[in-house]
Amino acid sequence: MDLDRLVADAREGVPRAVGRLISLVEDGGVGGDETPLRELAAALAPYTGHARVVGLTGSPGVGKSTTTSALVTALRADGRRVGVLAVDPSSPFSGGALLGDRVRMGEHATDPGVFIRSMATRGHLGGLAAATPQALRVLDAAGCDVVLVETVGVGQSEVEVVALADTTVVLLAPGMGDGVQAAKAGILEVADVFVVNKADRDGADATVRELQHMMSLNRREVSGPSWRPPVVRTVASSGQGIDELVGALDAHRAFLADHGRLAEGPRRRARAEIEAIALADLRARIRDLSGALGSDSALGELATRVVAGELDPYTAADEVVASVRA
Ligand SMILES: Nc1nc2c(ncn2[C@@H]2O[C@H](COP(=O)(O)OP(=O)(O)O)[C@@H](O)[C@H]2O)c(=O)[nH]1
Ligand SMILES: [Mg+2]
């Protein structure tokens, strides 16, 4: 595989090249060989730093994909190149859009200014925390002005994924008990913009009120000027409220720019990536240690001593860490 060729094609916006590079990122580290990913990261580095990343999260069915598709339409009308990354940590499938999403994103399928991709991590060394920033880098280098990252907001790994964005949108919908769920998952804290979607349904006002109530309880004292997440009502399926949502995204962007904070998102992504790669590397080395000394491995020996009461597990772990560092 000619990596330089692929990178050059991806920079030209050739969809197949972009797709192959994201597959590489997704599969990366399988079999423990991370060499192509290292080379790819180095090859892409000079061409990145342009795209802004908008994360969308919320419970299944609130309308994330529909909203994402409506946003693509609005951003394209504005002449911006758009990438869509649907990140599903629970899905073993990847490559191309998920079935339902394919229907919702269908209208963009033939637009050369749009890249749509769903992603799981097939055994990636650093998991989503490493793979997502890498995939974002590919889309950035491919000339995307905006990348929309859709992820199901139900667990810790999803919260980690949305925390990679420059601007995070948390979606709720009436009658789904979303407010309570969001509070539990710690998702209120990561929201820069709230969307109450399905505003055509009964209960949208109540959802907005509940949200505002929770925000008032949740307000933390911060020094310096702080951003108050706006609440935007949308009917994503008809496009109603989408211009307001674009306005809210731009306002958040402007706030970050005004306060010299545009570098925060890229730095968060780099941090997450470095940490994930380092942890994966350590884990791999510890695993190596367990097989290093023939049949009776170093780890196995320590385990035997812990079971025999000769050693406590903390001291045993100290020995493991010490030998990994050596
Ligand atoms: N009534 C109504 N239905 C919507 C709206 N937005 C999305 N839907 C529908 O809700 C369902 C789930 O939407 P989807 O975008 O797949 O949700 P996701 O799981 O969060 O990505 C689909 O049947 C959509 O057509 C809306 O604003 N109003
Ligand atoms: Mg979806």
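In listed order, ligands and their atoms are each counted from 1.
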**Student:** With rounding to the nearest 0.5 angstrom, report the CD1 to CZ distance, Ile277 to Arg38.
**Tutor:** 8.0 Å
**Student:** Charged N to carboxylate O below 4.0 Å: is that the case for Arg233 and Asp205?
**Tutor:** yes
**Student:** Report the member of Ala236, Ser238, Ala173 with the shortest heavy-atom distance to atom 27 (O) of ligand 1.
**Tutor:** Ala236
**Student:** Distance check, rounded to the nearest 0.5 Å: Leu262 atom CG versus Phe255 atom CZ?
**Tutor:** 11.0 Å
**Student:** Checking salt bridge (Lys or Arg N to Asp or Glu O under 4.0 Å) between Arg52 and each of Asp140, Asp166, Asp250, Asp192, which is the one that passes?
**Tutor:** Asp250
**Student:** Same cluster or not: are Val235 and Val72 linked, directly or through other Ile, Leu, Val, Met, Phe, Trp or Tyr residues, by side-chain heavy atoms under 4.5 angstrom apart?
**Tutor:** no
**Student:** Can you sort out which atoms of ligand 1 are near Arg201, meaning under 4.0 Å from one of its heavy atoms?
**Tutor:** 1 (N)
**Student:** State whether Ser65 contributes an N/O/S atom found under 2.8 Å from the Mg ion (ligand 2).
**Tutor:** yes
**Student:** Just go through Thr66, Thr57, Val235, Thr151 and tell me whose heavy atom is the nearest to atom 25 (O) of ligand 1.
**Tutor:** Thr66
**Student:** At less than 4.0 angstrom from any non-hydrogen atom of Gly63, what atoms of ligand 1 do you find?
**Tutor:** 13 (O), 14 (P), 15 (O), 17 (O), 18 (P), 20 (O)
**Student:** Identify which of Gly61, Gly58, Ser59, Ser65 has a heavy atom lying nearest to atom 19 (O) of ligand 1.
**Tutor:** Gly61
**Student:** List every atom of ligand 1 that sits less than 4.0 Å from any heavy atom of Glu150, numbering the atoms from 1 in the order shown and giving each element.
**Tutor:** 21 (O)
**Student:** Going by distance alone, is a donor N or O of one side chain under 3.5 Å from an acceptor N or O of the other, for Asp312 and Thr315?
**Tutor:** yes
**Student:** Among all residues two or more places apart in sequence or in another chain, which pass the salt bridge (Lys or Arg N to Asp or Glu O under 4.0 Å) test with Asp145?
**Tutor:** none
**Student:** For Thr234 and Gln240, which I'm curious about, is there any donor-acceptor pair between the side chains at under 3.5 Å?
**Tutor:** no
**Student:** Give yes or no for whether the N/O distance cutoff of 3.5 Å, strictly under, is met between Pro60 and ligand 1.
**Tutor:** no
**Student:** Taking the Mg ion (ligand 2) as the reference point, name the nearest N/O/S atom of Glu150.
**Tutor:** OE2
**Student:** Check each heavy atom of Asp200 against ligand 1 and say whether those closer than 4.0 Å belong to the side chain, the backbone, both or neither.
**Tutor:** side chain
**Student:** Heavy atoms only: which of Ser237, Ser69, Ala199 lies closest to atom 5 (C) of ligand 1?
**Tutor:** Ser237
**Student:** Who gets closest to atom 10 (O) of ligand 1 by heavy atom: Gln240, Lys198, Lys64?
**Tutor:** Lys198
